[in-house]
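This chain uses plain numbering: 1 for the first residue, then up along the sequence. What you see below is based on every heavy atom in this structure, not just the backbone, and it leaves out hydrogens, waters and symmetry mates. On a predicted model such as this, the values are computed, not experimentally measured, just so you know.
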Amino acid sequence: TTKQIYNACYEEGAAWAAPYQGRISTYELMNEVEAQCIISGTDGSLASHYDTAKYEKCLAAFLGLSDGVRSADPAAKRLVGTAGWYHYGFFDRLVADGVDFEVLAWHWYSNMGSMTRVLSKLKSYGKPIWITEIDREQGSQSGQQVDQANKITGYAHELKKSGAIEAFFVYALFDEPYLSSAKSRYGLVATVNPTGPYVISTRKQSFYAYQEAIAELGSFYAFATDMVVDNGYLPPAVSLTGSLSSATALPGFHLFDYFTDDNSGKGTKEVVYRPWLPYAGDYEVYVRWPASSSNAPAVPVVINHAGGAA
């Protein structure tokens, strides 16, 4: 019964929140459950587009989880949302039926088009909006790393320009090769060995696109105290003049490789690293390279700063 569902979900919400009170500040109560309730042939934009019997079970679960989390941690934020598209008809019903929450969560993928299609409606609820899943449909599947990176960059700027979005999260950090091919390459970081444990491989272009987008949009505070710019980053973080090769022969490099001029074109090649520094102040600058007796003895390094160059 719906009462049993409510009670079970209340206990589960409280059990999750109680041990982490003051440590985990936000809980997304459920994931895309409206997809189980939507009536075939509808777009989900109206409350009538959902099977009432199924909806009432989902409502009981939301109410129980929301109340359970609140009972265990009154300061925690509760996120409620849908799978995206036009599924705000389900959300309208939840609001009308008294589901309590602090943040509206939404999912969005490139096959859904521009988020401007739904932003006005989402803003009308008067809650902070978090995009808790966003990516290119099928991620980098079929070798589409560049397109995945471009989609993430495009959405970041679109959402920033809208002024409506408080946070957005790319799904997912790692590839999941054990899933079907359509879902296995959403990660920002590639993994290998689909028949066994995860083995982390390389950061994709989308990883650096996401990193640069967050830095540019001014919300990645971890960089305020420790900012690394690696030779593998995309422009504008790293830009080259002349032809440089990537190498791994010498140990001691950061991440995956390092640049080499192949002992040619001396004085004609240049690398510019542009860190994102959110605050004015004094910064210590370090340069890292693999140690070797074959390295050039005098490579000029110029640091541009507010007072000029050093």
Side-chain angles (χ1 to χ4, degrees), residues 26-40 42-47 49-50 54-55 58-59 61-62 65-66 77-95 99 101-141 144 147-176 179-180 182-188 206-207 209-210 213-214 217 219:
T26 309
Y27 295 87
E28 186 166 5
L29 298 184
M30 287 200 286
N31 182 58
E32 301 186 354
V33 294
E34 91 287 351
Q36 308 302 317
C37 307
I38 195 168
I39 297 172
S40 178
T42 67
D43 67 5
S45 62
L46 299 176
H49 289 174
Y50 299 89
K54 294 178 180 179
Y55 165 78
C58 290
L59 172 63
F62 270 115
L65 288 169
S66 178
K77 293 181 179 179
R78 297 159 297 176
L79 278 69
V80 173
T82 77
W85 292 99
Y86 295 115
H87 293 182
Y88 38 75
F90 183 84
F91 202 78
D92 286 336
R93 293 188 73 164
L94 293 179
V95 171
V99 173
F101 65 99
E102 286 71 47
V103 179
L104 189 162
W106 215 254
H107 298 174
W108 203 262
Y109 289 86
S110 60
N111 60 321
M112 301 177 187
S114 170
M115 273 208 72
T116 56
R117 301 164 61 189
V118 298
L119 284 178
S120 293
K121 175 64 175 177
L122 300 186
K123 287 191 289 186
S124 71
Y125 294 107
K127 298 281 188 177
I129 303 169
W130 289 17
I131 308 305
T132 51
E133 287 187 27
I134 196 166
D135 205 337
R136 175 186 179 270
E137 176 70 3
Q138 298 190 10
S140 64
Q141 186 70 23
Q144 298 298 317
D147 193 38
Q148 182 190 27
N150 288 341
K151 287 290 192 298
I152 289 170
T153 298
Y155 276 131
H157 286 275
E158 179 181 275
L159 297 177
K160 177 66 174 181
K161 185 178 180 181
S162 75
I165 307 301
E166 186 175 276
F168 82 104
F169 303 87
V170 171
Y171 177 85
L173 178 57
F174 295 110
D175 281 345
E176 300 174 277
L179 296 177
S180 65
K183 297 182 178 180
S184 63
R185 300 301 172 190
Y186 278 107
L188 300 173
S206 57
F207 178 97
Y210 187 40
I214 294 173
L217 300 180
S219 58

Next item on the list: Taking the side chain as every heavy atom from C-beta outward, state whether K54 and Q36 have any pair of such atoms under 4.5 Å apart.
Entry: no
Margin query: Does any part of the side chain of T26, heavy atoms only, come nearer than 4.5 Å to the side chain of W130, both counted from C-beta?
Written below: yes
Checklist line | Taking every non-hydrogen atom, the tightest pair across E176 and Y171 | finding: OE1-OH, 2.8 Å
Notebook entry, point to check: What's the spacing between E102 CD and L104 CG if we round to 0.5 Å?
Noted result: 12.0 Å
Next item on the list: Would you please say whether a donor-acceptor pair under 3.5 Å links the side chains of H107 and T132?
Entry: yes
Next item on the list: Indicate the atoms forming the closest heavy-atom contact of G187 with S206, along with that distance.
Entry: O-OG, 4.0 Å
Notebook entry, point to check: Within a strict 4.5 Å, meaning less than it, do heavy atoms of the L119 and I165 side chains meet?
Noted result: yes
Next item on the list: Step through it carefully: locate the ring centre of F168, locate the ring centre of Y155, and say whether they are under 6.0 Å apart.
Entry: no
Notebook entry, point to check: Cation-pi between R93 and Y50: NZ/CZ under 6.0 Å from ring centre and within 45° of the ring axis?
Noted result: no
Note to self: If I take atom NZ from residue K121 and atom NZ from residue K123, how far apart are they, to the nearest 0.5 angstrom?
What the structure shows: 13.5 Å
Checklist line | Pairing residues for S140 by the side chain to side chain contact (heavy atoms under 4.5 Å, CB included) criterion, not counting sequence neighbours | finding: Q145, Q148, R185, K204
Notebook entry, point to check: Which heavy atom of H87 sits nearest a heavy atom of I38, and at what distance?
Noted result: NE2-CD1, 3.7 Å
Margin query: Using every non-hydrogen atom in the two residues, find where V118 and W108 come nearest and quote the distance to one decimal.
Written below: CG2-CZ3, 3.8 Å
Next item on the list: Could you tell me the separation between the OH atom of Y55 and the CD atom of E34, rounded to the nearest 0.5 Å?
Entry: 12.0 Å
Margin query: Once ring pair (Phe, Tyr, Trp, His ring centres under 6.0 Å) is applied, do any residues pair with Y86, and if so which ones, sequence neighbours excluded?
Written below: none
Checklist line | Straight-line distance of I152 CD1 to L188 CG, nearest 0.5 Å | finding: 5.5 Å
Check: Hey, does F207 have a side-chain heavy atom less than 4.5 Å from the side chain of V170?
Finding: no
Note to self: For residues 124-138, which residue pairs pass the salt bridge (Lys or Arg N to Asp or Glu O under 4.0 Å) check, not counting sequence neighbours?
What the structure shows: R136-D147
Next item on the list: Would you please indicate if the ring centroids of Y125 and F101 are separated by under 6.0 Å?
Entry: no
Checklist line | I129 side, atom CD1; L79 side, atom CG - distance, nearest 0.5 Å | finding: 11.5 Å
Notebook entry, point to check: If you round to the nearest 0.5 Å, how far is OG of S66 from OH of Y27?
Noted result: 13.0 Å
Next item on the list: Report the C-alpha distance between F62 and M30 in whole Å, list the side-chain angles of each, state the deciding distance to 0.1 Å, and finish with yes or no for side-chain contact (heavy atoms from CB on, under 4.5 Å).
Entry: CA-CA 7 Å; F62 270 115; M30 287 200 286; 3.5 Å; yes
Next item on the list: Please assess W85 against N111 for the test side-chain contact (heavy atoms from CB on, under 4.5 Å), listing each intermediate value before the final yes or no.
Entry: CA-CA 10 Å; W85 292 99; N111 60 321; 3.5 Å; yes
